[in-house]
Enquirer: 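The structure follows.
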Amino acid sequence: MKKAEVKGSSYPIWHPYTQMYTHEPPIKIVKGDGTTLYTEAGDRFIDAISSWWVNIHGHAHPYVAKKIYEQASSLEHVIFAGFTHDPAQDLCQKLLKILPDNQAYFFFSDNGSTAVEVGLKMAFQYFYNRGEAEKRNKVIAFHDAYHGDTFGAMSVSGRSAFTDPFSKYLFDVEYLPLPLGENKSTCFEQLERLVATQEVAAFIFEPLVQGAGGMNMYAPEDLDRMIAICQSNDVICIADEVMTGFGRTGKYFASLYLENQPDIMCLSKGLTAGFLPMSLTTCTPQIYEAFLSEDKLKTFFHGHSYTANPIACAAAIASYEILTDPAYQNRIQEICDQQAAFKAEMAEHASIKNTRVRGTIVALEFQTGEETGYLNNKRDQIYNFCLERGVLLRPLGNVLYCMPPYCISDEELKKVHDCMRELADQWTAAIFKQTVKS
Ligand SMILES: Cc1ncc(COP(=O)(O)O)c(C=O)c1O
């Protein structure tokens with residue numbers, strides 16, 4: 001496909017996060033199998049970012065595909081108000097076994113952003129139903145957070161190029177720095193001061209790893225302390241586990257590294273193993289019970305046409321069965337070890353400013369000598385460098401990370417690491433040289 005065709009009416013598709021004017025034509029994928037994507041032109045790529053972090057068991061996994069087919073042949077969908085079905089019930093019963101103990105109720109929606117919208121609305125209406133909405137009207141979030149692209153989710157995300165065009169339509173949020181290095185004491189002090197006003201309704205966070213913000217990682221004990229401060233002041237803690245859920249951090253959920261559990265959790269991405277869009281917002285009995293009333297105005301008036309789609313539930317159950325197999329869990333731990341070893345190896349590399357690892361996610365932050373960030377001009381160079389070596393890695397500005405499906409073999413993971421290392425070795429040479437300060 002030529003570039004001109006992408007701009008013309010012969011290609012009427014507007015792609016996400018893509019400047020359609022300058023972007024190269026999209027690559028057509030005709031098949032996926034395990035970690036491998038096959039292009040129409042006959043090339044292959046290892047999907048080392050799990051297709052925007054959704055694909056946990058590999059592409060076209062036969063067991064998930066079979067379960068989807070079986071479900072689609074018996075009940076494809078039914079309105080979820082006034083009706084229920086086994087796939088939704090089975091899925092929630094299963095997830096209760098791996099979620100933190102305090103999570104007891106499940107609300108279905110369609111994607112990570114809507115899971116966050118639901119979580120925020122639950123928190124706001126919790127105080128409304130208790131007659132405290134006037135006073136509890138503040139939300140705390142982290143700088144550089146990313147919680148999705150709908151308006152509530154954008155509001156609680158860090159302000160950035162993503163949100164600039166919409167800034168006047170977003171509600172105000174109190175931002176804290178991640179508790180890291182010299183920011184740690186500022187973070188705790190600001191948090192203490194904010195919650196002491198008794199005006200804060202909710203604290204929302206990506207537990208342990210900020211994804212789109214640059215794979216920024218912080219310690220469980222610091223998050224634990226923040227949750228304790230919030231909960232002792234009746235602030236609802238919302239863990240956005242859209243990216244970190246389902247094994248990404250080495251445990252089923254990042255919240256399982258914590259002593260203090262969130263009140264609300266948002267799950268999506270890995271939930272259906274990357275087969276179908278679906279999400280869940282889970283909550284404690286305390287939150288749920290605040291909506292139980294003879295007064296109809298205390299109802300949670302939220303729902304989507306495809307709520308709890310049975311086919312998506314069947315995919316999620318199949319994915320759960322694969323994920324919770326003990327042998328599979330061992331393999332995830334091996335991937336965690338391999339990622340940690342690679343991080344250690346790269347830590348002192350001259351081209352690398354910072355290395356980070358948490359479970360199956362490893363990230364290298366490259367030296368640039370200039371302002372970093374998502375729109376950093378090295379991004380396209382890095383992306384193409386990796387594709388040319390048969391590896392799909394999609395840097396966040398100058399942060400290159402690997403977050404593979406758990407079916408990745410040792411050989412494939414080595415190929416991904418080799419590509420990342422080669423990039424680091426060439427960083428100050430050739431194509432990258434003109435923009436890198438020595
Ligand atoms: C932590 C987090 N929350 C929410 C979202 C939004 O999810 P979705 O793209 O499915 O709307 C994302 C997406 O990357 C995410 O990483």
Side-chain angles (χ1 to χ4, degrees), residues 15-18 47 49-56 107-123 139-163 166 170 173 175 178 202-218 223 237-249 253-255 257 262 264-282 302 304 306-307 309 312 315-316 319 356 358-361 363 374 393-397 399 401-403:
H15 284 256
Y17 282 92
T18 304
D47 186 352
I49 52 158
S50 303
S51 278
W52 255 341
W53 320 341
V54 298
N55 187 301
I56 55 175
F107 194 95
F108 284 89
S109 61
D110 301 340
N111 55 67
S113 305
T114 56
V116 168
E117 296 290 335
V118 168
L120 291 169
K121 286 174 76 172
M122 275 180 185
V139 179
I140 298 176
F142 282 123
H143 285 294
D144 297 327
Y146 178 74
H147 295 291
D149 289 348
T150 50
F151 274 83
M154 271 198 294
S155 293
V156 295
S157 296
R159 297 294 180 264
S160 69
F162 296 179
T163 57
F166 317 105
L170 305 179
V173 166
Y175 289 107
L178 274 194
F203 166 43
I204 182 162
F205 50 88
E206 294 155 272
L208 310 191
V209 187
Q210 277 189 327
M215 297 298 153
N216 304 318
M217 303 185 187
Y218 61 111
L223 181 57
C237 293
I238 306 174
D240 176 354
E241 294 240 21
V242 167
M243 186 277 276
T244 51
F246 302 100
R248 277 296 170 210
T249 65
F253 300 99
S255 298
Y257 285 92
I264 291 176
M265 290 175 68
C266 308
L267 315 174
S268 188
K269 294 206 186 261
L271 172 65
T272 61
F275 274 68
L276 288 160
M278 188 169 74
S279 59
L280 281 167
T281 308
T282 68
H302 188 107
H304 299 278
Y306 283 99
T307 297
N309 175 256
S319 176
R356 308 188 264 278
R358 172 62 70 185
T360 68
I361 311 165
Y374 188 81
L393 287 167
R394 219 182 124 88
L396 298 157
V399 177
Y401 67 92
C402 163
M403 193 192 296

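Numbering of ligands and ligand atoms starts at 1, following listing order.
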Enquirer: With distance as the sole test, does Ser157 use its side chain to make a donor-acceptor pair with the main-chain N or O of Ala153 at under 3.5 Å?
Expert: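 Between the backbone of Ala153 and the side chain of Ser157 there is a qualifying donor-acceptor contact (under 3.5 Å).
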Enquirer: Starting from atom 12 (C) of ligand 1, what is the nearest protein heavy atom, named by residue and atom, and what distance separates them?
Expert: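 That would be Tyr146 CE2, 3.6 Å.
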Enquirer: Under 3.5 Å, is there a donor-acceptor pair between the Asp47 and Ser51 side chains?
Expert: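 Result is yes, a qualifying pair exists.
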Enquirer: For ligand 1, is there an N or O atom under 3.5 Å from any N or O atom of Glu206?
Expert: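 Such a contact does not occur with ligand 1.
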Enquirer: Whether the Thr244 and Glu241 side chains hold a donor-acceptor pair (N or O, under 3.5 Å, no angle test) is what I'd like checked.
Expert: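 Judged by distance alone, the side chains do pair up.
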Enquirer: Can you tell me if Tyr175 and Arg159 form a side-chain donor-acceptor pair at under 3.5 Å?
Expert: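 On atom types as modelled, these side chains qualify, holding a pair under 3.5 Å.
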Enquirer: Write out the residue and atom name of the closest protein heavy atom to atom 7 (O) of ligand 1, then the distance separating them to 0.1 Å.
Expert: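 That would be Gly112 CA, 3.2 Å.
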Enquirer: In the protein, which heavy atom is nearest to atom 4 (C) of ligand 1, and how far is it?
Expert: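 That would be His147 O, 3.2 Å.
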Enquirer: Are the aromatic ring centres of Tyr306 and Phe108 under 6.0 angstrom apart?
Expert: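 For Tyr306 and Phe108, the ring centres are not under 6.0 Å apart.
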Enquirer: Can you pull out the closest protein heavy atom to atom 11 (O) of ligand 1? Residue, atom name and distance to 0.1 Å, please.
Expert: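 Going atom by atom, the protein heavy atom closest to atom 11 (O) of ligand 1 ends up being Ser113 OG, 2.6 Å.
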Enquirer: Is the closest heavy atom of Lys269 to ligand 1 under 4.0 Å?
Expert: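 Checking ligand 1 against Lys269, which is what was asked, there is a heavy-atom contact under 4.0 Å.
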Enquirer: Would you say the side-chain atoms of Thr249 pair up with the backbone N or O of Arg358, donor to acceptor, closer than 3.5 Å?
Expert: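 Checking the backbone N and O of Arg358 against the side chain of Thr249, no donor-acceptor pair under 3.5 Å is found.
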Enquirer: Mark the output for Trp52 as yes if a heavy-atom distance to ligand 1 is under 4.0 Å, and as no if none is.
Expert: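 No; Trp52 lies far enough from ligand 1 that no heavy-atom distance drops under 4.0 Å.
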Enquirer: Would a distance-only check, ignoring hydrogens and angles, find a side-chain to backbone donor-acceptor pair under 3.5 Å from Ser279 to Asp110?
Expert: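 Such a contact is found between Ser279 side chain and Asp110 backbone.
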Enquirer: Can you pull out the closest protein heavy atom to atom 16 (O) of ligand 1? Residue, atom name and distance to 0.1 Å, please.
Expert: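 Nearest neighbour among protein heavy atoms for atom 16 (O) of ligand 1, to 0.1 Å: Trp53 CZ3, 3.3 Å.
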Enquirer: Which heavy atom of the protein is the closest neighbour of atom 5 (C) of ligand 1, given with residue, atom name and distance?
Expert: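 Ranked first by proximity to atom 5 (C) of ligand 1 is Val242 CG1, 3.8 Å.
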Enquirer: Who's closest to atom 1 (C) of ligand 1 heavy-atom-wise, of Val116, Asp149, Asp240, Thr114?
Expert: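 Looking at heavy atoms only, the winner is Asp240.
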